[in-house]
Structure formats: structure tokens, C-alpha cells
Amino acid sequence: MSAPLIADRIAFRLSWEELDPAALTSLVRMARAEDLAGFGLARQPAQTGDVSSSVLGKTDQPASARLVAREDLVTSGIPLVPLVLVAYGEDGHFIPDVRDGEHCPAGTCLGTLEGPSRLILEAERVLLNFLQKLSGVATLTRRYVDALGDSPTRLLDTRKTTPGFRVLEKYAVACGGGFNHRIGLFDRVMLKDNHLAAEGAQHGPALTDLVRSTRAKWPGLLIELEVDSIEQIPPALGAGVDVFLLDNFSMENLQQAVNIIGDKAATEASGGITLDNLPTLANMGLDFISTGATVHQSTWKDIGLDWN
């Protein structure tokens, strides 16, 4: 299989419809339980519920509030808002004004919440937590994608995600214009440096044999191999590796590796990826650049809830 065909099999973008509603509902309910009942505490709270709103006398009256971007951002998590509201009651409604993946200048109304004031007050923080976090990932991803310019090299995410939030964070990367890598350990063979070390197969015939035995065991899966030196490429290339993960290569060695591999396998650069070096990497003929920074270095975006 040629590198372009392999690359097309690797890169995908999660859509909202591919996410499991039951899993998302479970995550939302856990967040609600943290806020209202101290989920995770060994000691049972003396009281539960929203004690602040309990002192108000008009919490059952209809109300509405707007979700407003306080700064420029790329949206992610808009379809999650109704799932959050329903966790607090059946009377909440959301009217979106934007879609996920949109660039929204500061001041943009993202949508309007309607329902009993109690429901909106209770749901506010959890709802904003999801939106601010996911929009932060989408916004930083868009900056990385923009730094690649019109290069055919595609930006990939990684498995460096917040436990329990993986599919949401990967979805947010897709909202920002990036592509998704494997979801977990189950959907692609990736032989990393520690796999090679554990097997004593870092070089030569031992590396070739490991790749061939992997192909025999998993004939229907792509095989990706992490290498950190030029010398590891020829024996693995001859054994039929589909993708080379070129980890922390210098620019000179990276270009040499791309030239050796050619169209025989797909190439992915990783390690030390920054906004500053992306324009240089974009012109090296790589199929992919992968980074976990779009998730673990992202910052929450400022989104407010304004009462109407």
C-alpha cells in the first residue's frame, strides 16, 4: 500500500454523531454529582444540593440566559449543552446560535438557555466547564493548523488526554481542524521504543522479525513503528511497516528519513513540535505531524453566562 493510501486510512475526524450518548451522559452526571453531592469525597457532606439557590424565592419562575464568548475562540461542545441541561431537569432548553468549529469573536452569543431559574443556576458551572475546556482545545488546535498553512501535511492528536475525556478532547481537536490518531490501544498496532526495548528488538534482524511477526498476528491492522535513529528505518521498511513515527529527529535527520522512506510508508514527525517550527516542518514532505500540546497545553476559553 502506498504512503498516500496509508495516510488516508490513518487520518479521520471524529464527528459528534460518533460519540456515545450514554458515555457522555454518564460523564455529565458525574460532574453534576461533584457539584451537588461531593462525588469523590470519602466523607459524606452534611447537606447536598445547591444551598445558595435554595435561599431564593423565585427559582421556579421561567428564566433565560445567554452564553457569551468573552474572547475570540473556536467553539467545541455546543451539542453537549442539552445533555447537561437534561441532567438537571426536563424543563431546560437550549437554542444554539453557532455550531462547533466556528471561529467566534469576543462578544458572540453562542446560544440561549431557557427554563426554571433554579435549573439554569445549578447547571451553569458544569456547563461552562465543559464548553470552556473543549473550546480551549479547539482554539489552540486551530492555531497549529493555521501554522501549517496550505501544506498537505496533516496535524494529528495523541493519546495524551485527560482520563475519561479522551473522545471529547479528540472531538475538540477535530473541531479545531486537526485530525484524530488512534483512539486507544485497540485500533492500531504501534510499536514504540519501550516495546522494542522490552523485546530486545531495537535494531537489525530482531527488529525485522518483530515487524513480520506483528504483521502475521494482526494482518488487518496498520503497523506504526516509533524510531529514533536513521539506522532503524531500513530493516523495518523491508519488513513492511506502514507508518514511521520519527521521534525527536533533528531537522536534518528528519529530511533524510523522509527521503529514505519515500512513498513506501507514511511518515509522522513527533516530539518537540511547536508553533514556531511548524512552518519549517510543513515543507519537508511529511504525511503527518503529531502533538499532544493541543490538548495538554491548551487553556480554557472565557465564556460567560449572562442573565436576560
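Computation of the quantities below employed the complete heavy-atom set of this structure, encompassing side-chain atoms and omitting hydrogens, waters and symmetry-equivalent molecules.
Y171 and D100 are linked by a side-chain donor-acceptor pair at a separation below 3.5 angstrom, with hydrogens and angles left out of the test. Using modelled atom types and a 3.5 Å distance limit, the side chains of H195 and E226 yield no donor-acceptor pair.
Under the 3.5 Å distance criterion, the side-chain polar atoms of R13 are matched with a main-chain donor or acceptor of G178. Remark: side-chain polar atoms of T208 are not paired, donor with acceptor, to backbone N or O of A239 under 3.5 angstrom. At distances below 3.5 Å, not a single donor-acceptor pair connects side-chain atoms of N277 with backbone N or O atoms of I273. In terms of modelled atom types and a separation under 3.5 Å, the side chain of S213 and the main chain of L210 share a donor-acceptor contact. Of the possible polar contacts, one joining the R142 side chain to the C175 backbone as a donor-acceptor pair under 3.5 Å is found. R66 places no side-chain N or O within donor-acceptor distance of the main-chain N or O of L305, the cut-off being under 3.5 Å. A distance-only check finds a donor-acceptor pair linking the side chain of E169 to the backbone of T162 [under 3.5 Å]. Panel note: side chain T75, backbone R99; a donor-acceptor pair is recorded below 3.5 Å. Using a distance-only test at 3.5 Å, with no hydrogens or angles considered, a donor-acceptor pair links the side chain of S135 to the main chain of S76. The backbone N or O of P279 lies less than 3.5 Å from a partner atom in the side chain of N283, making a donor-acceptor pair.
Atom-to-atom distance recorded for N180:CG and L14:CG is 4.5 Å, nearest 0.5 angstrom. Atom CZ in F244 sits 5.0 Å away from atom CD1 in I261 (nearest 0.5 Å). For the atom pair N248 CG and S270 OG, the distance stands at 7.0 Å (nearest 0.5 Å). Note that OG1 of T299 and NZ of K133 are 11.0 Å apart. Values are rounded to the nearest 0.5 Å. Taken from CG in L73 to CG in L131, the straight-line distance is 9.5 Å, to the nearest 0.5 Å. Within the model, atoms NZ of K170 and CZ of R159 stand 9.0 Å from one another, a figure rounded to the nearest 0.5 Å.
Applying the 4.5 Å side-chain rule to ILVMFWY residues, one finds V173, V295 in the same cluster as V137.
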Checking side chain to side chain contact (heavy atoms under 4.5 Å, CB included) for the pair W307/S64: CA distance, chi angles, key distance, verdict? CA-CA 6 Å; W307 211 258; S64 67; over 6 Å; no
Could you give me the CA-CA distance, side-chain angles and deciding distance for L225 and L196, then say whether side chain to side chain contact (heavy atoms under 4.5 Å, CB included) is met? CA-CA 9 Å; L225 176 70; L196 304 186; 3.9 Å; yes
Checking E268 against S290 for the side-chain hydrogen bond (donor to acceptor under 3.5 Å, both in side chains) test, could you report, in this order, the C-alpha distance in whole Å, the side-chain angles of both residues, the deciding distance, and whether it holds? CA-CA 7 Å; E268 174 187 339; S290 62; 2.6 Å; yes
List the steps and the verdict of side chain to side chain contact (heavy atoms under 4.5 Å, CB included) for T112 and F94. CA-CA 6 Å; T112 301; F94 178 58; 5.9 Å; no
Please step through side chain to side chain contact (heavy atoms under 4.5 Å, CB included) for the pair L191 and T214, ending with a clear verdict. CA-CA 9 Å; L191 300 173; T214 301; 3.9 Å; yes
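Put simply, the side chain of T158 does not reach to within 4.5 Å of the side chain of H296, judged on heavy atoms. Side-chain atoms of L207 and Q232, non-hydrogen and from C-beta on, do get closer than 4.5 Å to each other. Counting heavy atoms from C-beta on, the side chains of R118 and D50 never come closer than 4.5 Å. For the pair V68 and R70, the minimum side-chain heavy-atom distance is below 4.5 Å. For the pair D287 and I6, the minimum side-chain heavy-atom distance is 4.5 Å or more. Within the 4.5 Å cutoff, the side chain of L281 has heavy atoms near those of the M284 side chain. The shortest side-chain heavy-atom distance between E224 and H181 falls under the 4.5 Å cut-off. Side-chain atoms of L113 and L127, non-hydrogen and from C-beta on, do get closer than 4.5 Å to each other.
A continuous path of ILVMFWY side-chain contacts below 4.5 Å connects F165 to L24, so both sit in one hydrophobic cluster. Under the 4.5 Å side-chain heavy-atom criterion for Ile, Leu, Val, Met, Phe, Trp and Tyr, L110 and I95 are members of distinct hydrophobic clusters. In terms of hydrophobic clustering, with Ile, Leu, Val, Met, Phe, Trp and Tyr side chains grouped at heavy-atom distances under 4.5 Å, V84 and V98 are assigned to a common cluster. In this structure, V86 is not a member of the same hydrophobic cluster as I78, with clusters built from ILVMFWY side-chain heavy atoms closer than 4.5 Å. L67 is not connected to V74 by any chain of hydrophobic side-chain contacts under 4.5 Å among Ile, Leu, Val, Met, Phe, Trp and Tyr, and they are in different clusters.
Looking at residues two or more places apart in sequence or on another chain, you find a side chain to side chain contact (heavy atoms under 4.5 Å, CB included) between E71 and K301, D302. Evaluation of the side chain to side chain contact (heavy atoms under 4.5 Å, CB included) rule for D72 yields H103, P105, A106 as partners, not counting sequence neighbours. Under the salt bridge (charged side-chain N to carboxylate O under 4.0 Å, His left out) criterion, R215 pairs with D242, sequence neighbours left out. In this structure R29 satisfies the side chain to side chain contact (heavy atoms under 4.5 Å, CB included) test together with T25, sequence neighbours excluded.
Figure legend: R154 and F288 shown without cation-pi pairing, the cationic atom not lying both under 6.0 angstrom from the six-membered ring centre and within 45 degrees of its axis.
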Contacts under 3.5 angstrom, residues 145-152 side chains, donor-acceptor by atom type, not counting sequence neighbours:
{"from": "S151", "atom 1": "OG", "to": "T153", "atom 2": "N", "distance (Å)": "3.1"}
{"from": "S151", "atom 1": "OG", "to": "T153", "atom 2": "OG1", "distance (Å)": "3.2"}
{"from": "S151", "atom 1": "OG", "to": "A282", "atom 2": "O", "distance (Å)": "2.8"}

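No more than 12 heavy-atom neighbours from other residues, nucleotides or ligands sit within 6.0 angstrom of CD on E199. With a 6.0 Å radius and a threshold of 12 heavy atoms from other residues, nucleotides or ligands, R32 has its CZ atom above the threshold. Counting heavy-atom neighbours within 6.0 Å of W218 CH2, excluding the residue itself, gives a total of 12 or less.
Of the charged side-chain nitrogens involved, none lies within less than 4.0 Å of a carboxylate oxygen, so that D187 and R182 do not count as a salt-bridged pair.
In this structure, E34 and F39 approach most closely via the heavy-atom pair N-CB, 3.5 Å. Residue A65 comes nearest to I120 through the heavy atom pair CB-CG2, 4.3 Å, listed as atom of the first residue, atom of the second, then distance. The two residues Q202 and G200 make their nearest non-hydrogen contact at OE1-C, 3.4 Å. Between L85 and A123, the shortest heavy-atom contact is CD2-CB, 4.2 Å. The two residues V258 and G285 come nearest to each other via the heavy atoms CG1-O, 3.9 Å. In this structure, G136 and S298 approach most closely via the heavy-atom pair O-CB, 3.6 Å.
K192 pairs with exactly one of L245, V227, D247 by the side chain to side chain contact (heavy atoms under 4.5 Å, CB included) rule, that one being L245.
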